[in-house]
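In this text, all values refer to a predicted model and were calculated from it rather than measured experimentally.
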Amino acid sequence: MAMRVEIEKIAKRIFALAGKMPLRVFIRAKKGGLIRFTNNGIHQNTFQDLLHYNLHSAREGAGWVESNGTSEAGIRTSLEKLKSLNTGFSLAERQSSPPPSRASFLKKKEYFSFPLERVPEMAAQTIEKAVNLIQNEKASANGYYSAYERFFYWADSQGFKIFHPSTAVRFGVTLTKGSGKGYFSFYHPDSRK
């Protein structure tokens with residue numbers, strides 16, 4: 001899985017730049033399409049490739065920093081912000097408690113892989129069905145369809161790490177009929193549903 005390799009490279013870079021700082025890293029990444037539509041058709045079709053990470057000090061009660069800066073300068077800036085939140089803290093200090101066991105994390109089997117290049121086709125089919133239903137009711141619509149793969153990665157300076165891929169589809173629509181207006185949104189991890 002290409003995204004996992006990229007995420008692990010970023011995590012290794014973060015830990016290398018952190019040196020001996022006791023650290024926890026949580027990375028969230030998303031790759032997929034976002035399509036906005038009206039009953040006149042699709043008016044925006046974009047591809048999203050987003051990555052954010054949180055850096056947490058492994059010390060009890062210490063702060064955290066969120067960033068999407070994955071360059072060396074971006075990571076250094078995030079680490080400096082984290083250090084400034086944890087004043088009086090020695091970089092040589094290590095986390096004294098053992099890392100959590102793998103059994104302590106709930107395992108979920110929700111990955112339903114789909115080819116990302118099919119997202120525009122999947123969106124077009126879903127939007128066409130929805131708009132036809134809405135127009136049959138003499139209403140108008142605008143909304144969005146988003147299908148993407150999500151990746152969650154957690155690691156700490158003790159060498160413990162977890163990687164969890166999943167998928168998601170979101171569909172939201174605002175309907176207008178006469179003076180009435182309503183909104184509905186739908187989410188499911190399985191794009192087939």
Side-chain angles (χ1 to χ4, degrees), residues 1-11 24-56 64-70 78 100 102-155 161-193:
M1 184 175 298
M3 181 60 86
R4 180 175 186 161
V5 171
E6 288 304 310
I7 288 172
E8 287 188 327
K9 281 182 190 175
I10 292 165
R24 295 180 185 124
V25 176
F26 178 60
I27 299 174
R28 298 176 319 279
K30 178 166 91 167
K31 187 177 273 201
L34 171 64
I35 295 90
R36 297 188 186 280
F37 67 92
T38 65
N39 48 309
N40 297 327
I42 291 172
H43 65 88
Q44 184 183 24
N45 189 354
T46 59
F47 194 81
Q48 297 177 318
D49 191 351
L50 308 170
L51 186 139
H52 296 278
Y53 61 86
N54 289 350
L55 302 180
H56 300 254
W64 59 274
V65 171
E66 182 170 5
S67 179
N68 62 358
T70 58
S78 298
R102 291 188 191 280
S104 68
F105 287 89
L106 179 63
K107 304 272 191 246
K108 290 187 177 182
K109 304 280 186 192
E110 67 169 12
Y111 187 64
F112 304 94
S113 183
F114 60 86
L116 290 175
E117 61 273 4
R118 285 206 52 233
V119 170
E121 175 190 338
M122 292 162 47
Q125 291 170 354
T126 303
I127 291 167
E128 182 181 20
K129 286 178 189 175
V131 168
N132 284 340
L133 288 170
I134 293 162
Q135 287 178 331
N136 286 343
E137 295 297 322
K138 307 289 188 242
S140 63
N142 67 65
Y144 67 91
Y145 176 96
S146 179
Y148 49 88
E149 290 188 326
R150 302 177 298 166
F151 304 89
F152 302 98
Y153 180 88
W154 188 93
K161 58 186 171 182
I162 297 172
F163 179 77
H164 179 69
S166 63
T167 58
V169 172
R170 293 187 186 279
F171 181 78
V173 63
T174 299
L175 307 177
T176 306
K177 183 173 181 180
S179 61
K181 191 176 219 179
Y183 174 76
F184 177 78
S185 70
F186 174 80
Y187 163 86
H188 204 285
D190 187 348
S191 64
R192 298 167 297 188
K193 298 182 178 181

Inset, instruction - Please tell me if the side chains of S166 and F151 come closer than 4.5 Å, counting only heavy atoms from C-beta onward. - result: no
Legend entry - Point-to-point distance, once rounded to the nearest 0.5 Å, from CD of E6 to CG of D49: 9.5 Å
Inset, instruction - Enter the distance from I35:CD1 to N45:CG here, rounded to the nearest 0.5 Å. - result: 4.5 Å
Legend entry - Heavy-atom pair of closest approach, residues H52 and N68: ND1-CB, 3.8 Å
Inset, instruction - For S179, enumerate each residue passing the side chain to side chain contact (heavy atoms under 4.5 Å, CB included) test, keeping only those at least two apart in sequence or located in another chain. - result: none
Inset, instruction - Calculate, to the nearest 0.5 Å, the distance between atoms OG1 and OH belonging to T176 and Y183 respectively. - result: 13.5 Å
Legend entry - Residues T38, V131; criterion side-chain contact (heavy atoms from CB on, under 4.5 Å); working and verdict: CA-CA 8 Å; T38 65; V131 168; over 6 Å; no
Legend entry - Nearest-0.5 Å distance, CD of residue E128 to CZ of residue F37: 12.0 Å
Inset, instruction - With the side chain counted from C-beta on, respond yes when L175 and K181 share a heavy-atom pair under 4.5 Å apart, and no when they do not. - result: no
Legend entry - Side-chain touch L51/T70, heavy atoms, less than 4.5 angstrom: yes
Inset, instruction - Decide yes or no for F152 and R150: does some side-chain heavy atom of the first lie under 4.5 Å from some side-chain heavy atom of the second? - result: yes
Inset, instruction - Drop me the distance from E137's CD to N132's CG, to the nearest 0.5 angstrom. - result: 12.0 Å
Legend entry - side chain to side chain contact (heavy atoms under 4.5 Å, CB included) partners for A130, two or more places apart: F171
Inset, instruction - Taking all non-hydrogen atoms of both residues into account, name the closest pair between K138 and K177 and its distance. - result: O-CG, 3.7 Å
Legend entry - Between CD on residue E8 and CD1 on residue I27, distance to nearest 0.5 Å: 9.0 Å
Legend entry - S67: partners by side chain to side chain contact (heavy atoms under 4.5 Å, CB included), with sequence neighbours left out: Y53, S78
Legend entry - Listed partners of R118 passing side chain to side chain contact (heavy atoms under 4.5 Å, CB included), at least two apart: P115, E121, M122
Inset, instruction - Scan residues 27-37 for pairs that pass side-chain hydrogen bond (donor to acceptor under 3.5 Å, both in side chains), counting only residues two or more places apart or in two chains. - result: R28-E66, R36-Q44
Inset, instruction - Answer yes or no: is there a side-chain heavy-atom contact under 4.5 Å between W154 and K161? - result: no
Inset, instruction - Please check if any side-chain donor atom of Y148 sits under 3.5 Å from a side-chain acceptor atom of R170, or the reverse. - result: yes
Legend entry - For the student: nearest non-hydrogen atoms of I7 and A29, plus distance: CD1-CB, 3.9 Å
Inset, instruction - Please tell me if the side chains of N39 and I134 come closer than 4.5 Å, counting only heavy atoms from C-beta onward. - result: no
Inset, instruction - Taking all non-hydrogen atoms of both residues into account, name the closest pair between S146 and L34 and its distance. - result: CB-CD1, 4.0 Å
Legend entry - Contact check, side chains of L55 and V25, non-hydrogen atoms, under 4.5 Å: yes
Inset, instruction - Carefully, step by step, assess N54 and V65 under the rule side-chain contact (heavy atoms from CB on, under 4.5 Å). - result: CA-CA 6 Å; N54 289 350; V65 171; over 6 Å; no
Legend entry - Y145: side-chain hydrogen bond (donor to acceptor under 3.5 Å, both in side chains) partners, not counting sequence neighbours: none
